[in-house]
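Reviewing the structure listed below.
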Amino acid sequence: MSGAEVGQIAMNALLLSGVLAVVALGFALVWGITNIVNLAHGAFIVIGAYVTFGLHDFWSMDPFLSIPISMAALFALGFLIQRALINQIIRAPLLATFLLTFGLESLIVNLLRFFFRADTRSVMTAYSGAALALGPVRVPYIRLGALGVSILLVLLLAAFLTRSRLGRAIRATGMDVDAARLTGVKVATVYAITFGIGAALAGAAGSLLSMIVPFDPNLGGGYTERAFIICVLGGLGNVVNVLAGAAAYSVVEVVVGSRLPAFSQAITFGMLVLLLAVRPQGIAGKAFS
Amino acid sequence: MARAVLLAVVLAALLLVPSLVSPYTLLTYTSALCLALMAQGWNLIGGYTGYAAFGNVAFVGIGAYTTGLLMLSRWHVPFVPALFAAALVSALLATVIGIPVLRLKGHYFAIATLGVAEAFREIASAWDDLTNGATGIDLPVRSDSRFFYYVALALVVGGIVITARLERSKLGYGWVAIREDQDAARMLGIDTTVFKVAAFALSAAFAACAGGIIAYQDIHVAPDDFFKIEYTLQMIIACIIGGTGTVWGPPVGAAVYQLLSTYVWSHFLELHPTVLGVLIILFVVFLPRGLMDLFRRMAAVARGGRFGSDVFLANVRASRLE
Amino acid sequence: MNGAGNGTPLLDARGITKRFGGLAAVASVDLTIREGEILGVIGPNGAGKTTFVNCITGLDKPTSGTIRFRGKDITRMPSHAIGRLGISRTFQVVRPLTHLTVRDNVAMGAMFGARGKERTVSQARDRAEEVLHRVGLEHRIDHAAADLTISELKRLELARALATDAALLFLDEVMAGLNSTEIVGAMELLRRINRGGVTLFVIEHVMKAIMGISDRVVVLHDGKKIAEGTPQEVVDRPEVAAAYLGERFARRAQVVGKPERVKVQGTLVKAAPPVVEEPLLEVRALSSGYGEVPVLWDVSLEIRKGEVVALVGANGAGKTTLLCTLSQLVKPRSGSISFAGRDLTRARPEEIVRAGIVQVPQGRRLFAGLTVKENLLQGVYLRRDRRQIEEDLESVFELLPRLEERANQLAGRLSGGEQQMCALGRGLMSRPRLLLIDELSLGLAPLVVDHLLDLISRINQRGTAVLLVEQDVQAALEHAHRGYVLETGRMVQSGPAAELLDDPRIRRAYLGM
């Protein structure tokens, strides 16, 4: 491998890890706080992508400007879904919540397919395709912008969780539900907000992905799995853990993708199973702090 | 007695089906039977043992490929022995995979199995020398839809008998004990690893049989047609519709699912998978114990019990968060 | 009683230690169980009794030590192998196979246990019927385990363990939650089982029962074995009473219990008598419990403005359940709760906090991943008065200067005493009118406890009423105006704290004799 190749691989991993961090943070927050593994996370990503696509297509809105809209829409959707559906059976055995979110994924993806067809879409702007050249390493502007937005979102989330009253209540609820109740927290509402934030992050990731890759309604599934692997790798402990997981996973994906593209899933899942067999409960504890 | 008569009538009707319907319609019946077979398998690990396996489609695919490759091999293995060999291969692979994976609990187990299925799809697409990659393999043609129907029917009936026998065996008792409380089960002297792996291997064998039949009927096996997540979903939802952890739940659920599916397919083609999603949600929220449980309650009503909205709301009342 | 068995050691545990993180739940315990005996094991909450049983039965692996059963080393054996050797157990929190019938539950034991290999499924089901007759549960044989009452569930677990043909049974609080008639029945049942040749290791909080049936008694405290002997010998040991009642009360009770000695007059009661007679909290005929399991029956209680009330009673009496019912974490089944003239019987937990009833829960329940300051601020979650909050934070820091020093440390890293201060501080930040404190001194050193109790008095003097649950009976009553005694879910006694201090019935409620 030449130096330029290594440089390009490292840069690609960095660019990938930004978006993946946003994807995984939303997933990890919901899992860590409410103990729901949300298999519809990928579907939320796809909705985000279509929001950006739609706004760009109909009103020629710049895709970066549509991110807040896509986040707001998905926050509302996530809040409602948690409130109306997931909350109804949140204490049922695992299979129930797992299947419910699985069913939601299927429902959302197919509704999207119904309304938007299975055609592959992409959001093309004047600056799509342009790239910054750092010596032999190419850095597309869009990906650079996406990395910037990702960093901004991660910082905002971290600040919200640690500095705001609501953020503190969310973390406290994730650590000890009954103790949180004893301080006056309405747990059902906090859960719904948490789910909404998770969905909003998925929406942002979807908006970013719509500019980076061509997509169709099936875009999301692979990202749910990636988010899960990242959480296992990094642990659900806190924002930093998830970022570390995203970075580690991105390196593996980029390296495997450039060497053995045909077996990338098999290799990453093989790693996952091995990892879990050694540490059956994942790498780090559950609480999100 | 009434039960035996009912069973005899149903079986007779099922035996007569091929003479009554067109060969094309018969395909629908055969797919319902194949789904029943997969669901019966999933029921052993997911229903009786309580492990949320989300990757059983891997064994459908392995069954399809093994059957096909054996028939195409230079020994030209006939279909039925090839099918049994496929079941055996699947069970062995499930044992090897199950030993590490069944140590996992909850979400981790579910996602790991999901990953195993994905990994097999990829291996099937990439291993050109064996599987002919994404193009897939072509099986010998046999356009006798009755044959497939009867093979599938025989296996489903066999599955019912086997499940009923297992339910009353030490193996079945042990599975249920593990589902209800793994620590208590251990303390009673149950070697949980052995029991869980047995359930996983058997469920793989069932899935492989279904895969083999579908492969031979479709005469073509390609990775994306067989390692598709929809199969996993369908077998689980069939179990849930009928009732998990019961002998009759999976076949009843598969029949109901196929009925609904065909109806939706012919009326709202495009919305078909959407309806599947809605169905899952409705059953999970309102009837998590399935139709068999509902029938039992209705029978109780017929004997003078009370039937209220409680039947549908009990789950929500017990598991919602205030 | 059949004497102390024939004396041959059946199970021999040497130097058993179990650590969780840095904490030793069990610390080098040596213990021999002799063939044919009933060995009673007592000790306050958190003494390590259940962990010890988990280590023996393979559900936890001991950090160090060896276990021999009939001379065979079973230390590293998996649970199922231990089960097949002839050791079985019940669980403290019952673990029935909920969706199965009673018969099938018990049949599991018969088909997989020590003699499981010899039986077919239907033989195991017959055997289950036999065992169910023995424990008096035959009338429920075809019911689902989910439909059973707590006392029936306890017997079901016992039957399941018995059906394994175990030579040695570990019974973890099989009598908790039973009423006194049921307890007498359970004692008789255990004796019968023992006479049938089964060695019993009985963990129990119901002292009356354990003292009545045990050949020998072992006392665990803070993970260590502190006494061993016949029931009478053990009860007379001062360190045993001290472990249960707190050192000071034990000393006093010993004096009070023996009339030939001079009766010591009540020492100073530190809290001032309440100024107002106005009732703040009125609880009438309250009943509650968890799922199918009732814990409290017809409990009535009154707290007046500015009062400190002590709630005492043995482990498992329902003290924590009462506090959690007041906080609405457990829903009342009947009865009423009214607070400052408002009916709060059907209120939601956050409405309780808003009304001014704030609980400092047992085991502190701090948010371990939040800093001390964040924990305190979480206490003001419902408040919007920003400036007042700043002031309150100042005043909590003034009252608890240690917290100010540690303000930016994670709460999980604090020492036990500091954690309790932080929990108190978190409670105070909610501006309570009534503070419910559950087990203030659990696991803390005496000096720290004294300090905390003084704090309670100071908090009270600022006008906050306090309901104090405390295992150190003397300390609790010394700092309270009035006291209530809870016994197996019922309020059995109440009165001015000074009178209760000298009441010999309290000692009986704790030690059973």
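Residue numbers begin at 1 in each chain, while the letters A, B, ... track the order of the sequences.
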Quick check on [X]: does its [atom1] atom have over 12 non-hydrogen neighbours (other residues, nucleotides or ligands) under 6.0 Å away?
X      : atom1 : result
C:R342 : CZ    : no
C:E391 : CD    : yes
C:K18  : NZ    : yes

Relative to chain A, which segment of C:L377 carries a heavy atom at a distance below 4.5 Å: side chain, backbone, both, or neither? both
Need one label for C:R348: side chain, backbone, both or neither, based on atoms under 4.5 Å from any heavy atom in chain A.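 For C:R348, side-chain heavy atoms alone lie under 4.5 Å from chain A.
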Most heavy-atom pairs under 4.5 angstrom with chain A, which of C:Q359, C:R426, C:Q378, C:R364?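 Between C:Q359, C:R426, C:Q378, C:R364, the count favours C:Q378.
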Using a 4.5 angstrom heavy-atom cutoff, name the option from C:E350, C:M429, C:R354 with the most pairs to chain A. C:E350
Among A:K186, A:R181, A:R168, which residue has the highest count of heavy-atom pairs closer than 4.5 Å to chain C?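 The option with the most such pairs is A:R168.
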Shortest non-hydrogen separation from A:G184 to C:L382 and the atoms involved: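 Taking every non-hydrogen atom into account, O-CD2, 3.4 Å.
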Rounded distance [0.5 Å steps], OG1 in A:T162 versus CG in C:L370: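 Answer rounded to 0.5 Å: 10.5 Å.
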Validate the cation-pi geometry between A:R171 and C:F367: distance from NZ or CZ to the six-membered ring centre under 6.0 Å, angle to the ring axis within 45°. no
A:L182 and C:L329: side chain to side chain contact (heavy atoms under 4.5 Å, CB included), yes or no, with the steps? CA-CA 8 Å; A:L182 289 177; C:L329 295 185; 3.9 Å; yes
Please check this pair: side chain of A:R165 against backbone of C:Y381, looking for a donor-acceptor N/O pair closer than 3.5 Å.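 Checked: pair present.
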